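Because the structure is predicted, anything quoted here is derived from the model rather than measured.
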Amino acid sequence: MGEMKRYQLRIGDQWCDAADGKVLESINPLNQQAWALIPQATASDVDAAVQAARHAFETEWRSTNGLQRAALMHELANLLESDTERMAQLETTDNGKVIRETRVQMRFAARNYRYFAGWADKLQGESIPLDRPELVDFTTREPRGVAALITSWNSPIAILANKLAPALAAGCTVVIKPSEMASVTTLAFAELCERAGFPPGVINVVTGDGSVGAALTGHPDVDLISFTGGTATGKAISRAAAEHLTPVTLELGGKSANIVFADADLEQAVTGAVAGIFAAAGQTCIAGSRLLVQRDIYDQVVAQVCERARAIRIGDPRDENTEMGPMATQGQHQRVLDFIERARTQGAKLAAGGRVPQGEVYGRGYFVEPTVFSDVAPDSELAQEEVFGPVLAIIPFDTEEQAIAIANGTAYGLVAGLWTQNLARAHRVARQLQVGGVWVNTYRTNAAQAPFGGVKASGSGRERGMHALDEYLEIKNLMIDLSNEARDPFAIRT
C-alpha cells in the first residue's frame, strides 16, 4: 500500500486503531487511487467513544464555564485558519472539490467556531412573572449531554462546523462519525482539537461504514443526534433514535428551485444559476437543480446558461484554474450518468453536456460534463428527484402563481432562489415558498449568523445562527415559593 498514511480513531485521550484492526481505503476521485487508510470502527469502539464522551460531560465539560469554552473554541479557530492550506489539500484529495472552495470552507468553518464562541457565555435563561407574587419563576438553558454528529462526504469540515460549534458552545460533548467516503480531514481536524486543549473525551471521532453509524444512532447513552446526508438515511436514523426517544436534527436533501422572473438582471441571474448548480459539481444539498424561467426570457436564459456551462473548466481540483472537479465517489458518478440517460429517454431536451469529458485525465477520474436539460416537465424524475451532480433541469413558467406551484411541487423544501427587481414580488413569493430559506438576487451565499435548514423531506431543525444552539440545549424551569406558609397538601395551586 505504499506510503499511504494510516489514520486512527480518537477516543477519550487515546489515538487508536479499530478494535479488530480493520481499515478502509480512501479513494482519490481524480485518479481512483487509494491514498489513505482509515479505521473501520467496531460497535465496541463506538461504545468506548460514547462512554468517553459521557465521562467528560459529567466530570468536567458541563461545569466548564462559557468563557473557558469560548477560549478553547477561539484557539481551535486559530489553528484551523493557520492550517487552512494543508486541510484544504487533504479535503480536495479526499472528495474532489476544487481547492479554491475547500480553502474558503476551512475559513468559513473557523468563522463558525468564532461565532458560537461568542455565545458560549451568554446562554442565560429568563425570569417569568407569575400570577401569584410570592412565587418566583425562572428558566435555565442546560446542555443536553452527549451529541452524535454524523456528516456527509461533500463538505466534511464545513458541515461538521455547523454541528460541533454550537454543541461545544452549549456545553455538550460529542462523538463524530464522518462519511466513510471522506473521513481524512475529520481525523486531521481531531488533531487540531487536541492541540487546542479540549479535555479528553469532549471530542471523539469514530470512522467506518454504515454499521458504525447504526451503532452510534442506536446507542442508549446518546442524548441527541445531528445528521447531514440523504433523506433515506435520515429516515433510518429517525427510526433508530425513536427506540430511545433521542432527539434528532436532520439536514437532508433538496431539489431547490431557482426562479428567474422577466424583470431580473439577467447577467446576475445567469451567473447565480450557473454557480447554484455547477459549483461543487452539483454535489451539495442546496444546489439550484431546477431553474424556473419566465417564458418571456426563456430562450435567452437557456442559451446563456448553456454557453456558460460549456465554458466551465473541468479538471484536476488541485489546479487553481479548475472550476469543476470530479464526482466524489464511483457510486455517485454512475448515479449521475444513469440520471442523465434516463432523462434523455423520458423526453427532456439535452441542451449541453451529458457525457464523460474526453481526455486521459478524465478517463481516470469520476468526471461528468456540466449538463443542462431544457423543456423539463415539472413532474418528471429529473425535476422531482435529487441528482446530487452537475445536472440542471430548466422549466418554463408563465405566471407568478405557476412558478410558486412548480417550486413547491416536490417532496423537498430546503432553499429557493428568486431573481427579480420587484421588491414586493420578492416578499410575496418568498412567503409562499415551502422552504427553510430563500435567497433573493443571490444564491449559495452563507453566513455563520444566518439559520439554515429545511422543511418537508429536507429535514428538521436548524444549523448556524443562534437558533442552532436550541438543538443542543434543554430548558429547565425553576419555581420558588417565598411565602413560607403552610398549605393544604391536597389543594390544587395555580
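- Between Asp316 and Arg364 there is no salt bridge, since none of the side-chain N atoms of the basic residue sits less than 4.0 Å from a carboxylate O of the acidic one.
- When atom types are taken as modelled, the side chain of Asn162 and the backbone of Arg464 share no donor-acceptor pair closer than 3.5 angstrom.
- At least one side-chain heavy atom of Val175 sits under 4.5 Å from a side-chain heavy atom of Val206.
- Taking CH2 of Trp439 as the reference point, atom OG1 of Thr445 lies at 7.0 Å (rounded to 0.5 Å).
- Of the possible donor and acceptor atoms, none in the side chain of Gln40 sits under 3.5 Å from a partner among the backbone N and O of Leu24.
- Counting heavy-atom neighbours within 6.0 Å of His74 NE2, excluding the residue itself, gives a total above 12.
- Enclosure of atom CZ in Arg195 is not indicated, since only 12 or fewer non-hydrogen atoms of other residues, nucleotides or ligands lie within 6.0 angstrom.
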*Starting from the C-alpha separation in whole Å, work towards a yes-or-no answer on salt bridge (charged side-chain N to carboxylate O under 4.0 Å, His left out) for Glu474 and Arg144.*
CA-CA 6 Å; Glu474 294 277 16; Arg144 288 185 184 268; 2.7 Å; yes

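- Two residues are said to be in side-chain contact when any heavy atoms from C-beta on lie closer than 4.5 Å; Glu386 and Ser289 fail this criterion.
- The two atoms that bring Val98 and Gly325 nearest to each other are CG1-N, 3.7 Å, heavy atoms only.
- Using a 4.0 Å cut-off between a side-chain N of Lys or Arg and a carboxylate O of Asp or Glu, Glu85 and Arg103 qualify as a salt bridge.
- A side chain to side chain contact (heavy atoms under 4.5 Å, CB included) with Tyr443 holds for exactly one of Ile277, Val415, Leu418; it is Val415.
- Applying the 6.0 Å contact sphere to CD of Gln330 captures no more than 12 heavy atoms from other residues, nucleotides or ligands.
- The shortest side-chain heavy-atom distance between Leu30 and Val361 falls under the 4.5 Å cut-off.
- Between the side chains of Arg114 and Asn78, at least one donor N or O lies within less than 3.5 Å of an accepting N or O.
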_Ser238/Leu250 under side chain to side chain contact (heavy atoms under 4.5 Å, CB included): CA gap, chis, key distance, verdict_ = CA-CA 9 Å; Ser238 293; Leu250 299 172; 3.4 Å; yes

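- None of Val372, Val274, Val270, Val260 except one satisfies the side chain to side chain contact (heavy atoms under 4.5 Å, CB included) rule with Leu291; the exception is Val260.
- Side-chain contact check for Leu168 versus Tyr472: every heavy-atom pair is 4.5 Å or farther apart.
- Taken from OG in Ser179 to CD1 in Ile150, the straight-line distance is 11.0 Å, to the nearest 0.5 Å.
- With 3.5 Å as the limit, one finds no donor-acceptor pair spanning the side chains of Ser44 and Asp47.
- A distance-only check finds a donor-acceptor pair linking the side chain of Thr231 to the backbone of Ala457 [under 3.5 Å].
- We find that Glu58 and Arg62 are joined by a salt bridge, their nearest charged nitrogen and carboxylate oxygen being less than 4.0 Å apart.
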Atom pairs and distances, donor-acceptor, side-chain atoms in residues 117-126, under 3.5 Å, two or more places apart:
from, atom 1, to, atom 2, distance (Å)
Trp119, NE1, Tyr115, OH, 3.0
Lys122, NZ, Gly118, O, 2.5

*Is there a side chain to side chain contact (heavy atoms under 4.5 Å, CB included) between Thr84 and Arg107 once you walk through the steps?*
CA-CA 7 Å; Thr84 286; Arg107 291 192 287 268; 4.1 Å; yes

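- For residues 139-185, the set of pairs meeting the ring pair (Phe, Tyr, Trp, His ring centres under 6.0 Å) definition, not counting sequence neighbours, comprises Trp153-Phe388.
- Residues Ile340 and Val368 have side chains in contact (heavy-atom distance under 4.5 Å, counting atoms from C-beta outward).
- Put simply, the side chain of Arg290 gets close to the backbone of Lys255: a donor and an acceptor are under 3.5 Å apart.
- For the atom pair CG (Asn95) and CD (Gln332), the distance works out to 12.0 Å, reported to the nearest 0.5 Å.
- The two residues Leu252 and Gly234 make their nearest non-hydrogen contact at CD2-CA, 4.0 Å.
- Atom CD of Glu267 sits in a sparse spot, with 12 or fewer heavy atoms from other residues, nucleotides or ligands closer than 6.0 Å.
- For Thr140 (side chain) and Glu142 (main-chain N/O), no donor-acceptor pair under 3.5 Å exists by modelled atom type.
- Nearest heavy-atom pair, Ala188 versus Leu90, reported as atom, atom and distance to 0.1 Å: CB-CD1, 3.9 Å.
- Residues Arg141 and Leu473 approach most closely at NH2-CD1, 3.7 Å, considering heavy atoms.
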*asked:* Working note: Thr284 + Ser155, criterion side chain to side chain contact (heavy atoms under 4.5 Å, CB included); need CA distance, chi angles, decisive distance, verdict.
replied: CA-CA 8 Å; Thr284 171; Ser155 297; over 6 Å; no

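- A distance of 6.5 Å separates CD1 in Ile159 from SG in Cys285, rounded to the nearest 0.5 Å.
- Checked for salt-bridge contact, Glu463 and Lys163 meet the test: a charged N lies under 4.0 Å from a carboxylate O.
- Proximity of a side-chain donor or acceptor of Thr371 to a complementary backbone N or O of Glu369 within less than 3.5 Å is detected.
- With a 4.5 Å cut-off on side-chain heavy atoms, Ile99 and Gln89 count as touching.
- A donor-acceptor contact shorter than 3.5 Å links the side chain of Lys97 to the backbone of Asn154.
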*What's the verdict on side chain to side chain contact (heavy atoms under 4.5 Å, CB included) for Gln51 and His219, showing C-alpha distance, side-chain angles and the deciding distance?*
CA-CA 10 Å; Gln51 296 311 318; His219 200 289; 3.6 Å; yes

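- Side-chain contact between Ser226 and Glu471 is absent, with no heavy atoms from C-beta onward closer than 4.5 Å.
- Distance check: Asn204 CG to Asp13 CG gives 10.0 Å after rounding to the nearest 0.5 Å.
- Residues Ala281 and Pro326 come closest through the heavy atom pair CB-O, 4.3 Å.
- Minimum heavy-atom separation, Thr102 to Ala88: OG1-O, 3.3 Å.
- Put simply, the side chain of Asp223 never gets that close to the backbone of Thr246: no donor and acceptor are under 3.5 Å apart.
- Residues Phe116 and Leu469 form a side-chain contact, since some pair of their non-hydrogen atoms from C-beta on lies under 4.5 Å apart.
- Of the possible donor and acceptor atoms, one in the side chain of Asn441 sits under 3.5 Å from a partner among the backbone N and O of Thr420.
- Between Leu149 atom CG and Cys172 atom SG the span is 9.0 Å, to the nearest 0.5 Å.
- Under the 3.5 Å distance criterion, the side-chain polar atoms of Gln283 are matched with a main-chain donor or acceptor of Ala328.
- Using the six-membered ring where Trp is involved, His333 and Tyr366 have ring planes that are tilted, between 30° and 60° apart.
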